[in-house]
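Here is the structure we will look at.
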Number of protein chains: 2
Amino acid sequence: MKVGEIRNKLIEKGLKVTPQRIAILEAIVKLNNHPTAENIIDYIRKNHPNIATATVYKVLDALVENGLIKKVKTEKDIMRYDAVMESHHHLYCSESDRIEDYKDNELNELLEKYFEKKKIPDFKIEDIKLQIIGKFIKNK
Amino acid sequence: MKVGEIRNKLIEKGLKVTPQRIAILEAIVKLNNHPTAENIIDYIRKNHPNIATATVYKVLDALVENGLIKKVKTEKDIMRYDAVMESHHHLYCSESDRIEDYKDNELNELLEKYFEKKKIPDFKIEDIKLQIIGKFIKNK
DNA sequence: TGTCTAATGAGAATAATTCTCTTTTAATAA
DNA sequence: TTATTAAAAGAGAATTATTCTCATTAGACA
C-alpha cells in the first residue's frame, strides 16, 4: 500500500489527510504483524518523534470506525490492529503472541454453504472468522 | 455444576479448595454470559462481601492456567471468562457486548475433515474456534 | 489567502489489572 | 485433633493501556 493509496482511502472516507494518519496506516501495513498501539508508536517515532500517544489512539479509533483497519481479538488486555481488510482468518500461536493471517476462499465457501443450510436460531450472521490455535513449526 | 463438582475439579488439578475459588467458579457458571472480572466481583460480593479484587484476578488466572475456565477473546480491552470447556464457538453481537455459546458437532467434524485434507503450511492445529459475528434477532 | 472545523500535542485522568507484603487458612502429618 | 507449612487471601499501592481535556495547529474549501 503506497502513500497515494492511503491518501485516497482517507479521502474516500471523508477523513482529513494528515501526516499522522498516513504514518499510522503505513506503520500497520509495514509492520504486518498485527501490531499493538505501542508497536505502532515505537515504529512511527523513528521518523515522526513528536507524535502524541493520544493521537495514535485517536487515529486508530477513527481508522477502525471507517473500516480502514480492524481490531484483532486476543486473550491479552492489549489491542492489536490489522490493515488487511479482505475477509480472512487468524493463526494464533499457543506459545507466543504471534498471529498470522490465513486466507482460504475454499474454506469461506464451505462455511457459507454450511450456514446457508444450517441456520443458527434467532441469529443473522454477518461475518465468520476462524481463530486457529496451534504451533508454528518453523519460526519466522 | 454443583459445589461438589467444583470441589472435585479443584482437587483434580491440585488446587486448594477455598471458598473464594468455589464462589468464583460458581459465579461464572451461574452468570453464564461470559462475564468480566468486574461482573464476577459484583456477583460474588453479594454473598462474600470481603473478597479482594486481586484475589478474584489471581483465582481467575489460576483457573485459566489449570484449564477450568477459558478467556474469551474480544475487541475490548477487558477480559471475559467462560466456564464451558467443551469445544464450542461464539456468537458475537455486532451491536452490543453480548456473546453466546454456539455448539455444533457437525460443524466441528466438517472442519476437522477439511483441515485433515488441506494442511496449513508450517502450522500444527490444536484448536479451532469460530467467531460468528452478527445480530441476535430476538433479544434475551 | 482566510476561515473554520477537525485534528494534534501534552499531560493529566481513568480503568483494568498486577504487585507487594502481611495475615490467614487449607492440607498434611504427627 | 492439633501443629506445621506452604499456598492463598486481603488491602491497598503500583502499573499499564487507554481515554480525556483543552489549548494549539493545520487541512479543506470558499
Distance in angstrom units between [X] [atom1] and [N] [atom2], rounded:
X: A/Ile22; N: D/dA26; atom1: CD1; atom2: P; value: 15 Å
X: B/Asp61; N: D/dA7; atom1: CG; atom2: P; value: 17 Å
X: B/Lys76; N: C/dA16; atom1: NZ; atom2: C1'; value: 14 Å
X: A/Asp97; N: D/dA17; atom1: CG; atom2: P; value: 12 Å
X: A/Asp77; N: D/dT15; atom1: CG; atom2: P; value: 16 Å
X: B/Ile78; N: C/dT14; atom1: CD1; atom2: P; value: 17 Å

Report yes if a side-chain nitrogen or oxygen of A/Tyr57 is closer than 4.0 Å to either non-bridging phosphate oxygen (OP1 or OP2) of D/dT18; otherwise report no. yes
Would [X] and [Y] count as having a side-chain donor-acceptor pair, cut-off 3.5 Å?
X: A/Asp127; Y: B/Tyr92; answer: no
X: A/Thr55; Y: A/Gln20; answer: no
X: B/Asp101; Y: B/His90; answer: yes

Determine all donor-acceptor pairs shorter than 3.5 Å in which one atom belongs to a side chain in residues 38-47 of chain B; sequence neighbours excluded.
{"residue": "B/Asn39", "atom": "OD1", "partner": "B/Thr36", "partner atom": "N", "Å": "2.8"}
{"residue": "B/Asn39", "atom": "OD1", "partner": "B/Thr36", "partner atom": "OG1", "Å": "3.1"}
{"residue": "B/Asn39", "atom": "ND2", "partner": "B/Thr36", "partner atom": "OG1", "Å": "3.4"}
{"residue": "B/Arg45", "atom": "NE", "partner": "B/Ile51", "partner atom": "O", "Å": "3.1"}
{"residue": "B/Arg45", "atom": "NH2", "partner": "B/Ile51", "partner atom": "O", "Å": "2.8"}
{"residue": "B/Arg45", "atom": "NH2", "partner": "B/Thr53", "partner atom": "OG1", "Å": "3.4"}

Sugar-phosphate means primed atoms, P, OP1 and OP2; the rest is base. With that split, encode nucleotides 4-13 of chain C 5' to 3' as B, S or - using protein heavy atoms under 4.0 Å. -BBSBBBB--
Throw together a table of side-chain donor-acceptor distances under 3.5 angstrom for residues 7-19 of chain A, partners on residues two or more places apart or in other chains.
{"residue": "A/Asn8", "atom": "ND2", "partner": "A/Gly4", "partner atom": "O", "Å": "3.4"}
{"residue": "A/Lys13", "atom": "NZ", "partner": "A/Asn66", "partner atom": "O", "Å": "3.4"}
{"residue": "A/Thr18", "atom": "OG1", "partner": "A/Arg21", "partner atom": "N", "Å": "3.1"}

Would you classify B/Ala37 as touching base, sugar-phosphate or nothing, given that sugar-phosphate means primed atoms plus P, OP1 and OP2, and contacts are heavy atoms under 4.0 Å? sugar-phosphate
Should we count NZ of B/Lys118 as having more than 12 external heavy atoms under 6.0 Å? yes
